[in-house]
Structure formats: C-alpha cells, structure tokens
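Here the structure is a predicted model, which is why all the values come from computation and not from measurement. Values reported hereafter were calculated over all heavy atoms of this structure, with side chains retained and with hydrogens, waters and symmetry mates removed.
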Amino acid sequence: MKKYINHRFSLLFSIVFLYVNLSFLTRIIFLVWTAKDVDFNFVPLLRAFLTGFVFDISAGLSFLLLYAVYLLLFPKRWIGSLADKVFTYFYLSIVLIIIFFSLMAEFPFWDEFGVRFNFIAVDYLIYTYEVVSNINQSYPLPLIIAVLLALVVGTFFLLHKKGILRNTFSDKRSIRIRAVYAVPVLLIGFLLLGVMKNKQADFSNNLVVNELGKNGVFSFFAAFRSNELDYDIFYPKLDDKEAYTILKKTLLQENQQYTSEQWDNINRITKGENEIRPNIILIAIESFSGDFLKAFGNKDNLTPNYDSLANQSIFFTNLYATGTRTVRGMEALTLCVPPTPGNSIVRRPNNEHIFSIATILQQKNYHPYFIYGGDGYFDNMNNFFGGQGFDIVDRDRGNPLSDKIDTHRYNISDNEVSFENAWGICDEDLYKQAIKYADKSNNANTPFFQFVMTTSNHKPYTFPEGKIDLPQGNRNAAVKYTDYALGKFIAEAQQKPWFKNTVFVIVADHCASSAGKWEINIDKHHIPAIIYNLPHEPQKIDRLASQIDVMPTLFGYLNWNYTTALYGKDINQMKAGEERAFIGNYRTLGLLQDKLFTQIDDRKRVKQFTVSSKDQFLTEVRNQNKKLVSETISYYQTASERFKNGKMKVKK
C-alpha cells in the first residue's frame, strides 16, 4: 500500500477508500436490517453489491474532484505551506462532515421509507424551518453535532498517525508527475458521473435488492435532476385518441353522460335527484394506516374513537391511498386524479384554477376553507388550495402567497395555541380552528366546506401532556393522541347548532410507512375512510376503492346533480368488476384491479403481478392482460397530458 499512499495524493485516496468502506458497511447493515424483504438469490445480490461499489466510487470521487485539481495545480514551492494546510483542512473537513452526515442520515430515512435518498429528501431541503425543527425535536441534535465533529477530528488523527498527512504536505513532485495521479482520478470521476445512472440499479422486482445497489448521495442528486418527469419521454404510451377512447369508456358511470363528443373532452353530467347540501368537514389524518384500527386486526386499542365512529358511518374497508406523501393525499382528495409522475400537482407551478372538488362546491355556493396547523407554505399547500379558491387558515410565519392567488388568509395567533412542534399546532388546537370557522360560516348562513389537515401523527410524535396513557415520542402514542383529539372534536361539534347539518369525511392522507419488498407495496397503501353523520344507515363498503373516489362517492350520497371532469367515481355507481385503485410513487405508477396489479415506470417498462388475497404478495405474470395494460396507460397518460397542456384548468 505504501506506494499508493506515500505521495501528494495519499490523502485523497485515503478518504475515497474510507468512504467506499463505510458505504459497504452501510449496505451490509441495510441488508441485515431488512432481511425479511430480501430475495436471497446470490446473483442479484452480487450484482447489487458490485453496482453499489461503482456508485460508491463515483460519489467518493465527486467529493474530491475539486481537490484533485487543487493538488495538481498548486505550485510546487508552496506545498506544505500554511496556505496549503489551511485549504486542505478546511476543504476536507467539509467533505468529511458531508460524508459522515449523509451516511448517518441514511439510517432514519431507510427506517421510514425503506429506500435510499429520493425526491422526498430533495424536497425537504426547501423547507428548512420544518426540517431542522423536526430533526432537533426528534433527535439529540447537540449529540449529533458532537459526534460529527468527533468523527472528523478522529479521522484526521488517524490520518496523522498513519503518516498520510505528512506525505501530502511533504511530497513536492513536479506537476508532470502529479498529473500521473490527477488525470486518471479526474477522467474516472467524470466518466463515472457521466455514465452511471440511478436506473442501472433497478434491475430486480425486489425493491430492497435494487436499493442496496444504490448510493445515498448519488441517489439524492439523481432525484434532484429528475424531480419532474415528462410522461411523453419516459413512460409507455398509446396513440392519444386511443388513450382518450379507453379513458372515456372507463370513466362513465351509470348516471352520467358526456357533455360533448369531442375526443379529448371528459366533462360528464352527473344526474341526481332530491339534493341535500349539508356542511362538509373533510379531515385528512396524517399517516393514518389501516392497520392502526381494530377493524383491521389491531389489538392495542389505539383508535377507540375512530373505531366507534366507523360503526356509525359509511366505512370504506378496502380503500387505497394513491401515494406515500401528504401532497399526494391532498391531490387525490381534491383533484381526484391518478398520481402523475414526478412531483404531486400540489407542488408544481401553474396549478391554480384546476377543475377540482372546489369547482363543484363553489357551484353549490359552499365557502371552502383549508385549515392547517403549520405554515401552509410547506409543500406549496397554500398556493395550491388558494389557487382553487379556498380561504387559508394557518400559522403564517411570513411566507407570502403567490401574487397569482386571490384569497383570504387567516393567521392562527399565538394565544390560540396550547402546544406546537416542528410541523404545527397539536390536533386539539387545530380542531378548535375548525369549530371557529364553522361558527363563522354558520352565523353568516353560508354552507361551508373545510379541508382540515392534521399533523400530530408525525415525527417527533409530540403532543400535550396528560391526554393519553402512552409516553410521547413513538408512533403508537401519536396515533392514540390523534384519535383522542378526533373524539374530543366530534363531541364538541355535537354541541353546535350546525352539527345536525354537517357531514364529516375522515380519511388518511397516506400510510405510516411505505417500506417493503416491492417497488410498490400494496399493503402499505391501505387506508381507512368514513363518512360520518350522513342521513343514511351505517354501511361497510368492502369493494375495492381508490382515494380519488372518496369525494365523488360522497356527492353520490348527497344526490348531487353536477358536471364533473374528475377521474374519481362514485363507488356505488360502478358495475361489478369496474373497481380499481391507483397506487404510485414519484417514478412508478400502478393500477390494481381484479387481483392484478399493472405497473409502468420511467424506463417504459410494463409489468403485471398477481396479488394474493392473504398478504398482498406480488407474483409477476408473463402473459399480461392487455386490456388492463391499456387502461393503466390511458389513465396516467391522459392525466399527465391534461395537466401539462392546461386541459385541467377551469374555463372561465
């Protein structure tokens, strides 16, 4: 080894060597950690580790390309000078902090999502207040900083003991000799960065194997570059007219007819009689998985209030979230569209005045509110809801709305807050805001619609003391507090004059975890939803349903007559066999129907899996159902095309 480390470039090679070894160790830990979800086939695992090794080299060299240029060009006579040492220690300290922090950060990210850094990590860079506060409240930040600094100091100490620092500052070879080391480093670094693509690790149906073959830092920058995905470029396509022909056939309900014969016009008139127009409060509960409920086998009694309400309600027992993030749930519940690739429409530019449930509600003279306990600047929520005509109620921290948005924004003042963490005020305080604005609308004799977004069931899982019998800081406790606050809200609402004429839709935004064996784990999308206080006998809807169907189904129970351009359908108007659920992440999109899951991705691949009834285990099929493949493509292709080309916009 001495001939490789006994020169000016010894420090560079040593840090690359250190990073590659730590990355390998991380890969081993992840393999053991999620062993239950791994297909232990030697060849795919070997390929994953070899691919990961190349990604590790790419990432390690990328940290040090600038330093390689510095080592090459720095004048020979100044090598070992104070300036040389100051630059080296400063630059490499930053590199080591990034290396150690990124490796440490991968563990909680893997724990929550079961993948390397992806677009979620990229998005979080924008929202420093929430993210830094969440880290500070969830983890011992001073200890993390102390550990980082200790690792950096320890690394330099080890490098000193091995004589590597001495070699770096004492070797005064000419630029010609240094080029022998620098040029290959630069060529290999730039070549790997140009050739290596994150998709090269996605060779297996097993998600864990694919993710083991990736590198966290490389994946982060890959996600940064591909945060927006153009469907036309990356996904399988049909002829546009064929796609719309299939779509229009699948969208039409028994009680609907199209307003036009134009091939790309999906506006339908929905017929209803004896309309009722109650107030509507839609509560989207943060990370509320179906398996928290007693009805789905939970024995910890975490949700007694929701369980009780479900027995008095229209209860969706076979409902699936479209995605794994809050913005996907919001998109599904308001726009009622499949999850298009890349970012949710909630976070995209030019997303104002889209046809949504607000369009229908405003035609019925409802006053819509978006009520959120944090600053709705996060994830672009305020601009999205404001752009659809909602008034905003949030913790305004000085982040302005877009100039394009014409709406009212009401601040939740400090004296209205009893408890607050990184994400916002506790659910009890949030529900007080819902009651406050319900009272306001009722006093003005105005029917109201509220979209209430909770936050207490989110890490750091903190809430007011003395409310439940579990300690703070873990998921089960947060779920139980969330349920406690919901029960308290319903009890308080029952005392209000507007309660008898108010329907409550209580649904999860997504599940608590998405990690699992496959690219899309269907069981990690199963969520509950209830429609409470409807003038209808309690009912269980066991038919397969999508999150995008919740609001159209409510409109059906209200017997509304309206024109719609939504992709969501009234579950009670679907024929047997038409039931389907849309499930996706930012790259992979799927359609679940008839125990078949059809999946398309940004490599233009189409896969189809049978889904077992017992544990929703996926088994790939060779002879694909072409009809379902065409329907899957038509849904996602047209939804992407309609947003991209402005066809989702409401025509004035």
Side-chain angles (χ1 to χ4, degrees), residues 134 137 280-290 292-295 298 300-313 326 329 333 369-374 376 393-395 412-439 450-496 498-499 502-512 527-533:
N134 184 39
Q137 294 171 16
I280 304 169
I281 297 179
L282 189 163
I283 301 170
I285 302 180
E286 172 68 41
S287 305
F288 198 60
S289 303
F292 292 140
L293 270 62
K294 181 179 179 181
N298 191 291
D300 295 327
N301 195 33
L302 299 177
T303 58
N305 293 298
Y306 198 98
D307 292 330
S308 175
L309 291 172
N311 292 329
Q312 307 168 52
S313 306
T326 296
L333 293 167
Y369 287 94
F370 171 60
I371 304 176
Y372 178 61
V393 180
D394 76 329
R395 286 286 277 167
I412 302 172
S413 61
D414 291 344
N415 61 13
E416 296 177 293
V417 177
S418 67
F419 183 90
E420 188 170 17
N421 65 18
W423 298 105
I425 62 178
C426 66
D427 287 359
E428 288 174 271
D429 291 342
L430 180 68
Y431 289 135
K432 288 177 182 176
Q433 295 296 316
I435 288 177
K436 173 182 175 180
Y437 288 93
D439 287 343
Q450 296 181 352
F451 191 115
V452 182
M453 183 68 235
T454 76
T455 59
S456 288
N457 190 28
H458 194 296
K459 193 176 284 188
Y461 311 131
T462 55
F463 43 83
E465 294 282 359
K467 303 295 182 177
I468 62 169
D469 58 359
L470 293 177
Q472 297 198 37
N474 67 78
R475 171 73 76 179
N476 278 1
V479 171
K480 195 162 190 176
Y481 170 75
T482 294
D483 182 75
Y484 163 84
L486 175 64
K488 184 177 178 182
F489 168 60
I490 295 296
E492 291 175 358
Q494 288 171 344
Q495 307 306 312
K496 294 293 182 177
W498 43 262
F499 173 78
T502 301
V503 172
F504 299 80
V505 180
I506 310 171
V507 58
D509 61 348
H510 57 83
C511 282
I527 58 171
I530 59 175
I531 303 175
Y532 170 68
N533 209 34

NZ/K432 to CD/E416 distance, rounded to the nearest 0.5 angstrom?
9.5 Å
Would you say F370 and V452 make side-chain contact, with heavy atoms under 4.5 Å?
no
Evaluate the side-chain proximity of L333 to V507: yes if any heavy-atom separation is below 4.5 Å, no if none is.
yes
Are the side chain of N421 and the backbone N or O of P460 linked by a donor-acceptor pair below 3.5 Å?
no
Show your reasoning for whether salt bridge (charged side-chain N to carboxylate O under 4.0 Å, His left out) applies to K480 and D469.
CA-CA 9 Å; K480 195 162 190 176; D469 58 359; 2.9 Å; yes
side-chain contact (heavy atoms from CB on, under 4.5 Å) between F504 and I490, worked out
CA-CA 9 Å; F504 299 80; I490 295 296; 4.0 Å; yes
Below 4.5 Å, heavy atoms only, C-beta onward: do M453 and D509 meet side chain to side chain?
yes
With rounding to the nearest 0.5 angstrom, report the CD1 to OG1 distance, I281 to T502.
5.5 Å
Do Y306 and L293 come close enough that some side-chain heavy atom pair is under 4.5 Å?
yes
Any donor-acceptor N or O pair under 3.5 Å, side chains E286, T482:
no
If you look at every heavy atom in F292 and T303, which pair is closest and at what distance?
O-OG1, 3.5 Å
Determine whether a donor-acceptor pair (N or O, by modelled atom type, separation under 3.5 Å) exists between the side chain of W423 and the backbone of G373.
no
Is any side-chain heavy atom of K496 closer than 4.5 Å to one of D439?
yes
Charged N to carboxylate O below 4.0 Å: is that the case for K467 and E428?
yes
Using the ring of each side chain (for Trp, its six-membered ring), is F489 parallel, tilted or perpendicular to Y431, with breaks at 30° and 60°?
parallel
Paired with N476, the side-chain contact (heavy atoms from CB on, under 4.5 Å) test is passed by just one of N298, I468, L302, namely L302
If only atom types and distance count, is the side chain of Q450 paired as donor or acceptor with the main-chain N or O of Y369 below 3.5 Å?
no
I371 vs L430 side-chain heavy atoms within contact, under 4.5 Å
yes
Steps toward side-chain contact (heavy atoms from CB on, under 4.5 Å) verdict (F419, I425):
CA-CA 6 Å; F419 183 90; I425 62 178; over 6 Å; no
Is there a side-chain contact (heavy atoms from CB on, under 4.5 Å) between I527 and S289? Walk through the geometry before answering.
CA-CA 5 Å; I527 58 171; S289 303; over 6 Å; no
Quick one: do N533 and F499 satisfy side-chain contact (heavy atoms from CB on, under 4.5 Å)? Show the steps, please.
CA-CA 9 Å; N533 209 34; F499 173 78; 3.6 Å; yes
With no hydrogens and no angle check, is any side-chain donor or acceptor of R395 less than 3.5 Å from a backbone partner on I412?
yes
Give a yes or no answer on whether the side chain of Q312 reaches the backbone of S308 with a donor-acceptor pair at less than 3.5 Å.
yes
Residue that, paired with Y461, satisfies side-chain hydrogen bond (donor to acceptor under 3.5 Å, both in side chains) out of Q472, R475, Q137:
R475
Side chains of P464 and Y481: does their closest heavy-atom pair fall under 4.5 Å?
yes
Pair N457, S287: side-chain N/O donor-acceptor within cut-off below 3.5 Å:
no
Is any side-chain heavy atom of L486 closer than 4.5 Å to a side-chain heavy atom of I283?
yes
Does any N or O in the side chain of D483 come within less than 3.5 Å of the main-chain N or O of N305, such that one atom is a donor and the other an acceptor?
yes
Please name the pair of heavy atoms, one in F451 and one in A284, separated by the smallest distance, quoted to 0.1 Å.
CE2-CB, 3.9 Å
Can we say K488 and D427 salt-bridge, meaning some charged N sits less than 4.0 Å from an Asp/Glu carboxylate O?
no
Taking all atoms of both residues into account, what is the closest heavy-atom pair of A477 and N474, and its distance?
N-OD1, 3.0 Å
